[in-house]
**Q** 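One structure, pasted below without further comment.
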Amino acid sequence: MGMTAELHSRRKVLTTGAAVAGAAAGAVALTACGSDSAPSGSTAAPPAAAPGETLTALSDIQVGQAKAAKTADGKDVIVTRTAEGTAAAFSAICTHQGCAVVPEGAELKCPCHNSIFDAATGAVKKGPADQPLPSIAVKVTNGQVVTA
């Protein structure tokens, strides 16, 4: 009887341990799908830029196209030339999982999960992102796109 009870106890410990390990692995796998630091559908605040900070020369961007730029403190932004003398700017950080979007013509594409944004408005054209890119107030002064 002692041997049977001992085998039963070991078997129970092993199966219970396997179940706990499996649950822990599942939790790790679920955690890997998301990130606490990722925007995950939230409306992320645009990068703070001091008023009057130059982002790029307007002449460096064709009308209807966009260009990646950085603020003085190193934040990624996108500057779009919306018309001959006007521009718009947005955070370059995808609102889905926080990857930097890349300008491609009149669109901004996220290389991580293939979200697509309108370069002129920051609006989502194709998910999985469901929030637009936060806009940054800019104006054109002496041929330069500067924060407003």
Side-chain angles (χ1 to χ4, degrees), residues 9-148:
S9 294
R10 285 184 184 167
R11 189 172 292 138
K12 186 172 183 172
V13 168
L14 289 173
T15 57
T16 301
V20 170
V28 169
L30 287 175
T31 302
C33 289
S35 169
D36 288 342
S37 64
S40 190
S42 67
T43 51
E53 181 182 323
T54 299
L55 297 176
T56 189
L58 187 64
S59 61
D60 288 347
I61 312 166
Q62 294 179 359
V63 174
Q65 305 290 301
K67 174 184 177 181
K70 288 194 180 283
T71 61
D73 63 353
K75 300 275 193 302
D76 292 319
V77 297
I78 298 292
V79 181
T80 303
R81 188 169 183 176
T82 54
E84 191 58 39
T86 60
F90 307 94
S91 167
I93 305 305
C94 180
T95 55
H96 173 241
Q97 289 287 320
C99 297
V101 298
V102 178
E104 289 189 20
E107 296 179 331
L108 307 172
K109 296 187 178 182
C110 179
C112 295
H113 299 104
N114 301 314
S115 291
I116 300 174
F117 299 87
D118 184 298
T121 65
V124 177
K125 292 177 80 172
K126 176 183 170 274
D130 61 0
Q131 298 291 318
L133 296 173
S135 65
I136 300 166
V138 292
K139 61 184 177 181
V140 177
T141 304
N142 298 324
Q144 300 295 309
V145 180
V146 297
T147 54

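In this chain, residues are counted from 1 in sequence order.
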**Q** Return the CD to CG distance between Gln144 and Leu58, rounded to the nearest 0.5 Å.
**A** 8.5 Å
**Q** Would you say the SG of Cys112 sits under 2.5 Å from the SG of Cys99?
**A** yes
**Q** Quick check: closest heavy atoms across Thr95 and Pro134, and the distance to 0.1 Å?
**A**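 Closest approach of Thr95 to Pro134: CG2-CD, 4.1 Å.
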**Q** Pick from Thr121, Val101, Ile93, Val124: which one makes a side chain to side chain contact (heavy atoms under 4.5 Å, CB included) with Leu133?
**A**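 That would be Val101.
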**Q** First locate atom CD1 of Ile61, then atom OG1 of Thr82, and finally report the distance between them rounded to the nearest 0.5 Å.
**A**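 Going from the CD1 atom of Ile61 to the OG1 atom of Thr82 covers 9.5 Å.
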**Q** About how many Å separate CZ of Phe90 and CG of Asp118, when rounded to the nearest 0.5 Å?
**A**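 Here the interatomic distance stands at 7.5 Å.
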**Q** Donor-acceptor pair, distance only, cut-off 3.5 Å: does the side chain of Thr80 make one with the backbone of Ala119?
**A** yes
**Q** Determine the minimum heavy-atom distance between Arg81 and Gln62, stating which atoms define it.
**A**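 Taking Arg81 first and Gln62 second, the nearest heavy atoms are CB-O, 3.6 Å.
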**Q** Is there a donor-acceptor pair closer than 3.5 Å between any side-chain N or O of Glu53 and the backbone N or O of Ala72?
**A** yes
**Q** Nearest 0.5 Å, please: how far is CD in Gln65 from CD in Glu104?
**A** 11.0 Å
**Q** Take atom NZ in Lys126; do more than 12 heavy atoms of anything else shown fall under 6.0 Å from it?
**A**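 Enclosed.
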**Q** Short question: side chain of Thr147, backbone of Gly52 - any donor-acceptor pair under 3.5 Å?
**A**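 Yes, Thr147 side chain to Gly52 backbone: donor-acceptor pair under 3.5 Å.
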**Q** Which is it for Val146 and Lys139 under the side-chain contact (heavy atoms from CB on, under 4.5 Å) test, yes or no, and what are the steps along the way?
**A** CA-CA 6 Å; Val146 297; Lys139 61 184 177 181; 3.7 Å; yes
**Q** Report the distance from atom CZ of Phe117 to atom SG of Cys94, rounding to the nearest 0.5 Å.
**A** 4.0 Å
**Q** Can you tell me how far NE2 of His113 sits from CD of Gln97, rounded to the nearest 0.5 angstrom?
**A**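 With rounding to 0.5 Å, CD (Gln97) is 5.5 Å from NE2 (His113).
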**Q** Looking at every heavy atom in both Ala87 and Val138, which two are closest together, and how far apart are they?
**A**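 Closest approach of Ala87 to Val138, heavy atoms only: O-CG2, 3.6 Å.
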**Q** Minimum heavy-atom separation for Val79 to Ala69, with atom names?
**A**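 Reported closest heavy-atom pair: CG2-CB, 4.2 Å.
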